[in-house]
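These numbers come from the heavy atoms of this one structure, side chains and all, not from hydrogens, waters or symmetry mates.
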Protein chains: 2
Amino acid sequence: MTQPQTKYRSRCSIARTLDVLGDKWTLLVVRDLMWHGKHTFQELQASEEHIAANLLSERLKRLMALGLVAREAYQDRPVRYRYALTEEGRSLEALLLQIMGWGHAHLGGGLYDPQTGRTVAEAD
Amino acid sequence: MTQPQTKYRSRCSIARTLDVLGDKWTLLVVRDLMWHGKHTFQELQASEEHIAANLLSERLKRLMALGLVAREAYQDRPVRYRYALTEEGRSLEALLLQIMGWGHAHLGGGLYDPQTGRTVAEAD
DNA sequence: GCGACTCACTTTCAAAATTAAAGTGACTAT
DNA sequence: ATAGTCACTTTAATTTTGAAAGTGAGTCGC
């Protein structure tokens, strides 16, 4: 549970969620961390949607500030980081599944099965 | 099922859904149409988040183009419209509930109960 | 008839966000 | 020494947004 109301547009939970996750990139980063084993900056950047480096950098900072993502250095000299979802970040899985289900049914996108790691229904 | 009329960034259902709904306003319009009995342009514009008229106009056009919202004239001279979700638009309810649930649990927003039309848990 | 008002927008324009590209700094490999 | 990797940051052009004002068709009060 994060802090005060002043940082949000309203007290509506949907508006608040959109305040922090409502853009075209944030949830794709979460998707990659959640399911696709992408944990370094360059792995995240290499996803097929091609997020710009400055946006990835900014989104990771926001997700860390929200406590949804944490990073740890996996190497010094030079320091290199590994990003991972926190437990709170993993709580977004149901939301991601819901979004995926809707997009599959209504926009013809693929349907990924986190159990098997496979896309079980092809996209148009 | 909407056809590949639009071109999407990728075949990922999440990316596609974000392509069409991934911004700070679209789902608030859907929320108001779904649950709050707001059906005219001015009713939608009067919500507490205060969407700008140009954005509301553009979002309604997009939602209509997607087949999620339809409008009918409820008056001629001058023509005035009533906007409503289509059946496909109503399919977004589960997604809205999921987003609301997450926002309530993690950002402290209110929790609305569509059954009773009441907010059952207050926001911070 | 005249002015004030309503509704559903559209236009305007500055500010903010996104995009693509190039640049930086610390290193490693040849 | 030169080239390459990684994790970013910076820069500059383009796009989107946000706030305000404007428009057009009509109604209402006097």
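One atom, CD of B:E49, and another, C1' of D:dA19, lie 17 Å apart when rounded to the nearest Å. If you measure from atom CG of A:L55 to atom P of D:dT10, you get 15 Å, rounded to the nearest angstrom. Remark: C1' of D:dA25 and OH of B:Y81 are 12 Å apart, rounded to the nearest angstrom. For the pair A:I51 CD1 and D:dA7 P, the interatomic distance rounds to 15 Å; values are reported in whole Å. Per the geometry, NE2 belonging to B:H50 stands 13 Å off C1' belonging to D:dG18, to the nearest Å. Atom CD of A:Q75 and atom P of D:dC8 are 12 Å apart (whole Å). Look at CZ on B:R62: it is 17 Å from P on C:dC9, rounded to the nearest Å. Residue B:L56 contributes atom CG, which lies 14 Å from atom P of C:dC7 at whole-angstrom precision.
At C:dA8, none of the side-chain N or O atoms of B:K61 fall inside 4.0 Å of OP1 or OP2 (strictly under the cut-off). One finds a side-chain N or O of A:Y83 lying less than 4.0 angstrom from the OP1 or OP2 phosphate oxygen of D:dC8. The phosphate of D:dC8 has neither OP1 nor OP2 within less than 4.0 Å of any side-chain N or O from A:S57.
Ring-centre distance between B:Y112 and B:H36: below the 6.0 Å cut-off.
Environment of CD in B:E87: sparse, with no more than 12 heavy atoms of neighbouring residues, nucleotides or ligands closer than 6.0 Å.
Here the side chains of B:L21 and B:L92 are in contact, with some heavy-atom distance below 4.5 Å. Under the 4.5 Å side-chain criterion, counting only non-hydrogen atoms from C-beta, A:R11 is not in contact with B:T119. Here the side chains of A:W35 and A:E93 are in contact, with some heavy-atom distance below 4.5 Å. A:L107 has its side chain out of reach of B:D19: every pair of non-hydrogen atoms, C-beta onward, lies at least 4.5 Å apart.
Comparing C:dC7, D:dC6, D:dC8 by their nearest atom to the side chain of B:Y74 picks out C:dC7. Closest to the side chain of B:Q42, out of D:dC8, C:dC7, C:dT10, is C:dC7. Each of D:dC8, C:dC9, D:dT17 was ranked by its minimum atom distance to the side chain of B:R59; first place goes to D:dT17. For B:F41, whose side chain is taken as the heavy atoms from C-beta onward, the closest listed nucleotide among D:dG18, C:dA8, D:dC8 is C:dA8.
In terms of modelled atom types and a separation under 3.5 Å, the side chain of A:Q45 and the main chain of A:F41 share no donor-acceptor contact.
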Quiz item: Using a cut-off of 4.0 Å between protein heavy atoms and nucleotide atoms, how would you tag nucleotides 21-30 of chain C 5' to 3' with B, S and -?
Solution: -----BS---
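A heavy atom closer than 4.0 Å to some atom of DNA chain C occurs in A:W25, these being the qualifying members of residues 17-40 of chain A.
If you check every strand for non-hydrogen atoms under 4.0 Å, B:R82 touches nothing.
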Exercise. Apply the test side-chain contact (heavy atoms from CB on, under 4.5 Å) to residues A:K38 and A:L33: give CA-CA distance (whole Å), side-chain angles for both, the deciding distance (0.1 Å), then the verdict.
Key: CA-CA 5 Å; A:K38 298 183 178 179; A:L33 292 170; 5.7 Å; no
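Tested against B:V30 for a side-chain contact (heavy atoms from CB on, under 4.5 Å), the candidates B:L68, B:L96, B:L95 yield a single pass: B:L96.
In this structure B:D113 satisfies the side chain to side chain contact (heavy atoms under 4.5 Å, CB included) test together with B:Q115, B:T116, B:V120, sequence neighbours excluded.
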